[in-house]
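All remarks here apply to the structure that follows.
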Amino acid sequence: MSWQGYFFILYPAVTVAIYALRVDAGVEIFFLLYGVLSVFFLNNIVNIIVSFLLSMTCYFMVCTVWKNYDFSLERNNIYFYVFNHLVAVFFIFYGLLLIKNENTRYQEQTRDKNWQLRRSNLKILRQKADISGKAALLEEQTHQLTELNTLKNKLFSVIAHDLKAPLYALRNLFRNVQLYDLPGDEIKLLIPEVVSELTYTTGLMENLLQRAKSQMQAESIKPQLLDISRITQEVLQLLRLQAEAKHIYIQSKIERPVFVYADKDMINLVLRNLLSNAIKFTPEEGLIFVEAREERSHIEVLVQDNGMGISQEGVQRLMGESYYSTRGTLGEAGTGLGLMLCKEFLSRNGGG
């Protein structure tokens, strides 16, 4: 037990011994004072309980049990008696003030600790959010790198496989002209096949470059007000020779300007791929129609032909992310890039 514990036990014991000798020292209120102060100054809960109960027991004995005293300070020296009570009241007030200040200090420390804890929790939450954001960014970058790697492999595959045939055809044409001094009639017979191969190669290279630029995000969308009828005429003029080679008739039913707000190059490529595909899968002397319908919230452009059509399975594969291609009516080859670009560019311009 500490010296404070001995003090708060011995003082009431000694004082009550004086009262036991039938002497009223006029300090009974000090029992209340030391009972209050013991709660404040002592740390051990057992010492506090013992000191408090001892002080209250002494006060009860002095004020209730022992009433008749041979000597009374109140009767013999009223001034000293009042002074003792005033001192006791002052110290009781002072003790209560200390308790109040200690409680206030404890509340402030608790509030500061809670505030620091909240700040620490907020900091941890921010760190977690930052880590989650970085993880999401890393996952997105990993996904983009995977797509770019897939695109790279596809580009190399296409370049290695599909570009050889037209280049070999062109090389053989010039080699035969050089070695065998072919007459003009025979050269004219070879040229259509070479032109067909080069036409395919030109479209292929354009789609490959557009796909690469799109995946690498090297091309930003530049929307502007476009006239669909004018773009359709430009595309038809570009594909005129391809259609004439199969004697296909293409008619535009867009008789007046139809305006949309989109990227010109992307919309041009979409129309060019759709019409090129229509020519590819339409038999000789077939028909292709281009039409534009103005709806409330969008413009619907239709490319219709009387070709072989496409199966439901083929439609589902086209709507997926994998490359899908079939040969046309005259065996025209494809890479599956065109319609994927159409889907992506329409989506990036707010269409579908």
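- Atom NZ in Lys264 sits 10.5 Å away from atom CG in Asp227 (nearest 0.5 Å).
- Just one residue in the list Val270, Val303, Asp305 forms a side chain to side chain contact (heavy atoms under 4.5 Å, CB included) with Leu275, and that residue is Val303.
- Residues Tyr106 and Thr110 form a side-chain contact, since some pair of their non-hydrogen atoms from C-beta on lies under 4.5 Å apart.
- Shown here for Ser229 and Pro257, the closest heavy-atom pair between the two residues is OG-CA, 3.7 Å.
- With Glu244 as the partner, the side-chain hydrogen bond (donor to acceptor under 3.5 Å, both in side chains) test is satisfied by one option alone out of Arg240, Lys246, His247: Arg240.
- One distance of note links CG of Leu122 with CD of Gln127; it measures 10.0 Å at 0.5 Å rounding.
- Rounding to the nearest 0.5 Å gives a distance of 12.0 Å between CD of Glu234 and CG of Leu239.
- Distance check: Ile131 CD1 to Leu138 CG gives 12.5 Å after rounding to the nearest 0.5 Å.
- In this structure, CD1 on Ile228 lies 6.5 Å from CG on Leu226, to the nearest 0.5 angstrom.
- No more than 12 heavy atoms of other residues, nucleotides or ligands lie within 6.0 Å of CD in Glu255, so this atom counts as exposed by the packing criterion.
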Under the criterion salt bridge (Lys or Arg N to Asp or Glu O under 4.0 Å), I'd like the reasoning laid out for Arg256 against Glu294: C-alpha separation, chi angles, the key distance, then a yes or no.
CA-CA 11 Å; Arg256 60 186 180 84; Glu294 295 187 63; 2.8 Å; yes
Would you please test Glu291 and Arg293 for salt bridge (Lys or Arg N to Asp or Glu O under 4.0 Å) and show each step?
CA-CA 7 Å; Glu291 184 178 357; Arg293 299 174 184 174; 3.7 Å; yes
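- Remark: Thr282 OG1 to Ile288 CD1 distance equals 4.0 Å, nearest 0.5 Å.
- Within a 6.0 Å radius of CZ in Phe259, other residues, nucleotides and ligands contribute more than 12 heavy atoms.
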Checking Ser252 against Gln233 for the side chain to side chain contact (heavy atoms under 4.5 Å, CB included) test, could you report, in this order, the C-alpha distance in whole Å, the side-chain angles of both residues, the deciding distance, and whether it holds?
CA-CA 8 Å; Ser252 174; Gln233 292 300 326; 3.7 Å; yes
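- At a threshold of 4.5 Å between non-hydrogen side-chain atoms, the residues Ile250 and Ile279 count as touching.
- Residue Glu139 places its CD atom among 12 or fewer non-hydrogen atoms of other residues, nucleotides or ligands, all under 6.0 Å distant.
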Step-by-step side chain to side chain contact (heavy atoms under 4.5 Å, CB included) determination, Asp130 to Arg126
CA-CA 6 Å; Asp130 187 42; Arg126 287 177 178 173; over 6 Å; no
Applying side chain to side chain contact (heavy atoms under 4.5 Å, CB included), run through Val258 and Ile299 and close with a yes or a no.
CA-CA 8 Å; Val258 178; Ile299 301 296; 3.7 Å; yes
Any chance you could lay out the side chain to side chain contact (heavy atoms under 4.5 Å, CB included) test for Leu302 and Glu300, step after step, and finish with the verdict?
CA-CA 7 Å; Leu302 297 91; Glu300 185 177 2; 3.9 Å; yes
